2 protein chains.
Amino acid sequence: MPARSRSTEPLYRIKADLFKCLAHPARIQVLEVLAADGTDVSVARLLHVTGCMSSQLSQHLAVLRRAGLVTSSRSGNAVSYRLTEPLVAELLNVARAFLLAGLARDEGQIEAVRELPPLPGANPASLLDATRRART
Amino acid sequence: MPARSRSTEPLYRIKADLFKCLAHPARIQVLEVLAADGTDVSVARLLHVTGCMSSQLSQHLAVLRRAGLVTSSRSGNAVSYRLTEPLVAELLNVARAFLLAGLARDEGQIEAVRELPPLPGANPASLLDATRRART
DNA sequence: TGATGGTTTTATACTTCCATTAATCCAGGA
DNA sequence: TCCTGGATTAATGGAAGTATAAAACCATCA
């Protein structure tokens, strides 16, 4: 494959690549810290927050950098990172909202089951367990 | 690892898993169609839009279903899908906005270089090429 | 009931991603 | 200059994700 130039590549591919960059817990942690702080964050701090090895973190940071999600700047011997674009924080917010909405929906279902009239020969607890298993 | 229950799992892991589900062009295509139409969309149509094999598409749909992103319903012999939650569409919107913002920023940089005063011994075109290489 | 069209599941080879280790780079201080 | 601490890059073995093909499912219709 001759590596189609980025501008002619269909948007859904570029989007998929973007999400691929977000598809790792350590990278999410990094972005969340950057989004929360709003300012530059040192690699040392990210290292402490994520708890992973420096080489590992560097590789994740490289992924985020290549995607244009973050920007690095070096002052003396220390390097620090920041979000290139506030929309990244928004992306994380919407993702969280979606997950919370899902939880709320599930809670609602559980409530609905609780309010069912009791059936002969089946107790509510086992019914709940059944739905929980079914959701997996 | 004893497979921590979903509710006790840290949010950044769940988020990463969510983005993992979005990290494939075919799945993005599917979600975009569902988001655009707003209503139920038949598998046949998705099959036509994405152009992939039915078995392949089914696997992608299974990924989206397990993540709670889409919901399926069967009427007769045909199955159709819809977004479980409108926030998914919002997620795609923000992603697109971010990518467009990135493009705009790059355009801006190019403009800035164009407006630089000419330097002796260097022509603007090569400068542009240099910045483009540096960005990779 | 058997046959058919549409969808999903299973199995397997293949590709990509990730963690780990070692090596390299880069700036500052002795 | 050499050394040291902080960060990145390179190399590699193993895990996870994906495409392909084959089998199973499920509802409809003859």
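The structure presented is a predicted model; accordingly, all values stated were derived computationally and were not measured.
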The salt bridge (Lys or Arg N to Asp or Glu O under 4.0 Å) partners of R74(A) (sequence neighbours excluded) come to none
Contacts of E32(A) meeting side-chain hydrogen bond (donor to acceptor under 3.5 Å, both in side chains) (sequence neighbours excluded), chain-then-number -> K15(B)
Contacts of E85(B) meeting side-chain hydrogen bond (donor to acceptor under 3.5 Å, both in side chains) (sequence neighbours excluded), chain-then-number -> R105(A)
Between the CD1 atom in I28(B) and the CG atom in L92(B), the distance rounded to the nearest 0.5 Å is 5.5 Å
Within residues 15-26 of chain A, those residues having any heavy atom closer than 4.0 Å to DNA chain D are none
Its 5'-most and 3'-most nucleotides having an atom under 4.0 Å from a non-hydrogen atom of chain B, DNA chain D is contacted over dG17(D) to dT28(D)
Within residues 71-80 of chain B, those residues having any heavy atom closer than 4.0 Å to DNA chain C are N77(B), V79(B)
Item to complete: Determine: side-chain N/O of Y81(B) to OP1/OP2 of dT8(C), distance under 4.0 Å, yes or no.
Response: yes
For T71(A), the side-chain hydrogen bond (donor to acceptor under 3.5 Å, both in side chains) test, sequence neighbours excluded, returns T84(A)
Salt bridge (Lys or Arg N to Asp or Glu O under 4.0 Å) pairs touching residues 41-55 of chain B, sequence neighbours excluded, are D37(B)-R45(B)
Per the under-4.0 Å heavy-atom filter, residues of residues 48-63 of chain A near DNA chain C come out as M53(A), S55(A), Q56(A), Q59(A), H60(A)
With five pairs defining each end axis, the helix from dT1(C)-dA30(D) to dA30(C)-dT1(D) comes out bent, to 10°, by 0°
Those residues at least two apart in sequence (or on a different chain) that pass side-chain hydrogen bond (donor to acceptor under 3.5 Å, both in side chains) with E90(A) are none
Residue pairs passing the side chain to side chain donor-acceptor pair (under 3.5 Å) test with at least one member in residues 18-28 of chain A, sequence neighbours excluded, are R27(A)-H60(A)
